[in-house]
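Residue numbers start from 1 in every chain, and the chains themselves are labelled A, B, ... in the order their sequence lines are given, proteins ahead of strands.
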Amino acid sequence: MPDRFYLTTAIAYANNKPGLHTLHEVIAADAIARWHRMRGIPTRFLTGTDEHSVNIAIRAAEEGVTSRQFVDDKVALFRAAEDALLISPDRFIRTTDPDHLRSAQEMVRRAYANGDIYVGRYEGWYCPNEGFRNPTDVLETAAGTICPNHPDVPLQWLTERNWFFRLSAYQDRLERWYADHPDFVQPDYRRNEMLGFIRAGLEDFSISRAGAGWGIPFPIREDGSSALLPDGSWDPQAGTIYVWWDALINYITGAGFPDDPDLFARWWPADLHVIGKDIARFHTLFWPAMLWSAGLEAPRRVWVHGWLLAQGERMSKSRGNFLDPLDFVAAFGADGARYVALREVAFDRDSDVSWDAFIRRYNADLANDFGNLVNRTVTMAGRYLGGERPAARLAGDSPLGSAWDAVCDRCFDRLEGCLINEALEALWEFVGAANRLVEVEQPWALAKAAKAGDDAAAARLRGVLGDLVEACRLVALAAAPVMPGAAPRVLAQLGYAYGWGPDGNGGPALLDELAWGAHAAEPGTLARPEPLFPRLEIEAPAG
RNA sequence: GGCUGGGUAGCUCAGUGGUAGAGCAAGCGGCUCAUAAUCGCUAGGUCACAGGUUCGAAUCCUGUCCCAGCUACCA
């Protein structure tokens, strides 16, 4: 068992309210974090927002508010949505946090001291409305080169002096790193893509922008002197830190760099970065090299997930085909929302999702299969045994008990591999087995025979219901990282205590609790049955 | 254009040489403990298309069509 686990999500761009497609990654990471916490592994889970860019400054000006006010408003929306989804970060980091400024600037100083950054020229097509455009994003037309989003605005070819990072110097080290750490980037096909990119040759990239803007001040002047002015402000002539040298560095800021060396030594390197495929290159090539330049270790693993699609199209705010997380929680409840999001989306690739598919999944898996299993189990035990909790049979004497270990192993294996949807699939096959056991054993018939004086039937009834109670306990606990709100409610109906806190910390070791019959010897009383996941008949929300 | 991966039941997908599979959705039946739930059965596929290798191909080879990803500096 690892002695600690540090995981992060990408930080979301704070320019709008969050969509489900953005928070899906955070839900998944939260489940992984809880999975570690509940096992008793000290866990640090970092998520947050990326708040610097000229675009944000422009948007804020358009709305007549300061950039700071603008991002504060957006961050409040993210935090509200994440609270509704029971997201439990150990720190919610903002790139506008004061310690992040120190962190990013320190990284620049270290790269400079190491000889890895130099002043160069960044050239490119510049759209007055959008800034620098990638050469692949501009169109060559008879009227000249234009920006596809603003065809009437002439593009300008601009040259800007700014700082570059010597990524080219890390080509060999990156190749060796990939060779020595075959699990660094997952899934494998993403790793292969990155390997192909490395082999094609790495070029330096720019890490600053000229002029003072809404960003972290670049701490060094062109002559190498500090850009700190006597009054404590930064020389605007030094410019600002650009994009990745700001955003990526949140992962070490969030672990204590550079203010708290002890904390940083405890949590770095990160065990897992969870990111989307659009930013894989920055996390798996730029980021290790940046860290090495500063004398720090590369992260241990980067998981690259796909996108949520609606009818084949990527969900996005600009397309308008996204789901509001608050609508989602209102319809499914926090646990239902987390479950269907993680069960319907294959975490290693793009997945087409729809409101109808979420409803079908909720009704089939939660209302019908699992919710109803708990309900019928608690009802039967209450009716036939007077509410006294029956003990599970020995694993070898029970079809469910003898199947459990294999289910558990497969579920754990998939969780470790970030394939949360497959972990849940494995668990729900066991739910199906439990429902089938009810049909085979027909406890109502056993109860009738027992009432007529058949002692063997009475013993069998207790055993079967004990197995079913145990199955409900185990599934609720194994699914608790995904449905942290539902698990204590299930355990309460079964007459068991739930020892973990709202963030999954503080309880007993989960793996011990997930042994078949772990509490078979303890007497207990079942509570009144109460539907956990009411069946849904609702329509998609308007808009 | 180049490289990689895919196109299998209405939907989402599994299946790398031996008589086509799962879940959901649909139809029929059983049961009654349960949230009209659950259990069983049925139906539904020239496995993108065309050739080839083989006793035998969804699976291997060739070609074609279609889709997706990667092919450097967006936050």
Side-chain angles (χ1 to χ4, degrees), chain A residues 10-16 49-56 95 122 124 130-137 162 164-165 167 187-190 192-207 209 214-215 242-248 277-282 285-286 304 306-307 309 312 314 343-346 349-354 356-357 360-361 363-384 421-422 425 428-429 432 434-447 465 468 529-536:
Chain A
I11 46 175
Y13 190 41
N15 70 332
N16 209 328
T49 43
D50 183 12
E51 307 182 16
H52 292 127
S53 84
V54 284
N55 291 338
I56 282 181
T95 55
Y122 182 83
E130 283 196 59
F132 279 97
R133 295 306 311 252
N134 186 311
T136 56
D137 289 338
N162 50 39
F164 280 74
F165 175 66
L167 182 65
D188 285 346
Y189 74 98
R190 295 292 174 201
N192 290 336
E193 286 176 2
M194 294 306 113
L195 276 172
F197 192 88
I198 295 174
R199 294 198 188 101
L202 297 176
E203 296 171 13
D204 300 346
F205 64 96
S206 60
I207 68 164
R209 281 295 179 267
W214 176 240
Y242 183 61
V243 194
W244 302 110
W245 217 279
D246 177 347
L248 289 169
K277 64 185 185 182
D278 48 332
I279 50 176
R281 205 171 53 234
F282 310 110
L285 304 173
F286 291 22
V304 183
W307 290 329
L309 310 177
R314 182 186 183 185
R343 180 66 183 82
E344 279 293 293
V345 176
R349 55 175 183 264
D350 294 355
S351 291
D352 211 87
V353 300
S354 69
D356 286 352
R360 278 199 298 273
R361 178 64 70 181
N363 280 338
D365 286 13
L366 295 182
N368 297 350
D369 287 350
F370 183 55
N372 186 56
L373 174 68
V374 174
N375 197 245
R376 68 198 306 208
T377 297
V378 173
T379 299
M380 286 191 287
R383 185 171 302 176
Y384 303 144
N421 57 311
E422 294 187 18
E425 181 183 26
W428 254 253
E429 282 175 21
N435 274 317
R436 284 189 289 278
L437 182 72
V438 176
E439 304 302 321
V440 169
E441 296 289 350
Q442 303 194 3
W444 49 93
L446 291 171
L465 291 178
L468 293 171
E530 194 180 321
L532 292 160
F533 304 103
R535 196 178 161 82
L536 298 176

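- The side-chain hydrogen bond (donor to acceptor under 3.5 Å, both in side chains) search around A/R376 returns A/N435, A/E439, not counting sequence neighbours.
- Looking at A/R314 and A/D350, no side-chain N of the basic residue comes within less than 4.0 Å of a carboxylate O on the acidic one, giving no salt bridge.
- One atom, CZ of A/R343, and another, P of B/C24, lie 10 Å apart when rounded to the nearest Å.
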Could you list, one pair per line, each protein nitrogen or oxygen that sits under 3.5 Å from a nitrogen or oxygen of nucleotides 38-41 of chain B, together with the distance?
unit_1: B/U38; atom_1: OP1; unit_2: A/N368; atom_2: ND2; d: 3.4
unit_1: B/U38; atom_1: OP1; unit_2: A/D369; atom_2: OD1; d: 3.4
unit_1: B/U38; atom_1: O2'; unit_2: A/R376; atom_2: NH1; d: 3.3
unit_1: B/U38; atom_1: O2'; unit_2: A/E439; atom_2: OE2; d: 2.6

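- Panel note: side chain A/N363, backbone A/L536; a donor-acceptor pair is recorded below 3.5 Å.
- A/P443 comes within 4.0 angstrom of no nucleic acid atom, judged by non-hydrogen atoms across all strands.
- Using a 4.0 Å heavy-atom criterion, one finds that A/G196 contacts no nucleic acid atom at all.
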query = Once each nucleotide of nucleotides 10-16 of chain B is scored for protein heavy atoms under 4.0 Å, what B/S/- sequence comes out, 5' to 3'?
reply = ---S---
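- Checked against B/U35, B/U32, B/A72, the side chain of A/E203 finds its nearest nucleotide in B/A72.
- At a threshold of 4.0 angstrom between heavy atoms, the contacts of A/I56 with the nucleic acid are absent.
- Remark: A/S351 pairs with A/V345, A/A346 by the side-chain contact (heavy atoms from CB on, under 4.5 Å) rule, at least two apart or across chains.
- Of all nucleotides present, only B/C49 satisfies the Watson-Crick or G-U wobble test against B/G63, with each distance under 3.5 Å.
- Using a 4.0 Å heavy-atom cutoff across all strands shown, A/G201 reaches at least one base atom of the nucleic acid.
- Residues that satisfy the side-chain contact (heavy atoms from CB on, under 4.5 Å) test with A/E429, not counting sequence neighbours, are A/R410, A/E425.
- Taking atom C1' on both B/G18 and B/A50, the two are 24 Å apart, rounded to the nearest angstrom.
- In this structure, A/M194 places its CE atom 7 Å from C1' of B/C70, rounding to the nearest Å.
- Using atom C1' as the reference point in both B/U32 and B/G40, the two lie 15 Å apart (nearest Å).
- Pair assignment for B/A20: none, as no Watson-Crick or G-U wobble contacts are both less than 3.5 Å.
- Cation-pi geometry between A/R209 and A/Y122 is met: the NZ or CZ atom falls under 6.0 Å from the ring centre, inside 45° of the normal.
- Atom CG of A/L446 is separated from atom C1' of B/C33 by 12 Å (rounded to the nearest Å).
- Nucleic acid contact for A/F533: base, since at least one base atom lies under 4.0 Å from a heavy atom of the residue.
- Using a 4.0 Å heavy-atom criterion, one finds that A/S53 contacts the sugar-phosphate atoms exclusively.
- Taking atom C1' on both B/U59 and B/G15, the two are 9 Å apart, rounded to the nearest angstrom.
- The separation between A/Q442 atom CD and B/G30 atom C1' is 10 Å, rounded to whole Å.
- The ring pair (Phe, Tyr, Trp, His ring centres under 6.0 Å) check on A/Y384 picks up nothing, with sequence neighbours excluded.
- If you check B/A72, B/C33, B/C74 against the side chain of A/L202, the one that comes closest is B/A72.
- Across the strands present, B/G1 finds its partner in B/U71; the criterion is a Watson-Crick or G-U wobble pair with both atom distances under 3.5 angstrom.
- Across all strands shown, B/A43 remains unpaired; no Watson-Crick or G-U wobble contact has both distances below 3.5 Å.
- A donor-acceptor pair under 3.5 Å links the side-chain atoms of A/W428 to the main chain of A/D365, judged by distance alone.
- For B/G1 and B/U12, the C1' atoms lie 34 Å apart once the distance is rounded to whole Å.
- In this structure, the CD atom of A/E193 is 14 Å from the C1' atom of B/A72, given to the nearest Å.
- For A/E203, there are no salt bridge (charged side-chain N to carboxylate O under 4.0 Å, His left out) partners at least two apart in sequence or on another chain.
- Atom C1' of B/G52 sits at a distance of 28 Å from the matching atom of B/A14, rounded to the whole Å.
- With P as the reference atom, B/U16 and B/C61 are 14 Å apart, rounded to whole Å.
- Listed by chain and number, the residues in a ring pair (Phe, Tyr, Trp, His ring centres under 6.0 Å) with A/F286 are A/F205, A/F282 (sequence neighbours excluded).
- Counting only distance, with no hydrogens or angles, the side chain of A/W444 and the backbone of A/M380 share no donor-acceptor pair below 3.5 Å.
- Positionally, the nearest nucleotide of RNA chain B for A/Y189 lies more toward the 5' end than for the other of A/F205 and A/Y189.
- Rounded to an integer number of Å, the gap from CZ of A/R535 to P of B/A36 is 8 Å.
- Under the ring pair (Phe, Tyr, Trp, His ring centres under 6.0 Å) criterion, A/Y13 pairs with no residue, sequence neighbours left out.
- Nucleotide B/C74 holds its C1' atom 8 Å from the CG atom of A/N55, rounded to whole Å.
- Between B/U62 and B/A20, the distance separating the two C1' atoms is 25 Å to the nearest Å.
- Using C1' as the reference atom, B/C47 and B/A58 are 4 Å apart when rounded to the nearest Å.
- In this structure, of B/G69, B/C33, B/U35, it is B/G69 that holds the atom nearest to the side chain of A/K277.
- Rounded to whole Å, the distance from CD1 on A/I279 to P on B/A72 is 18 Å.
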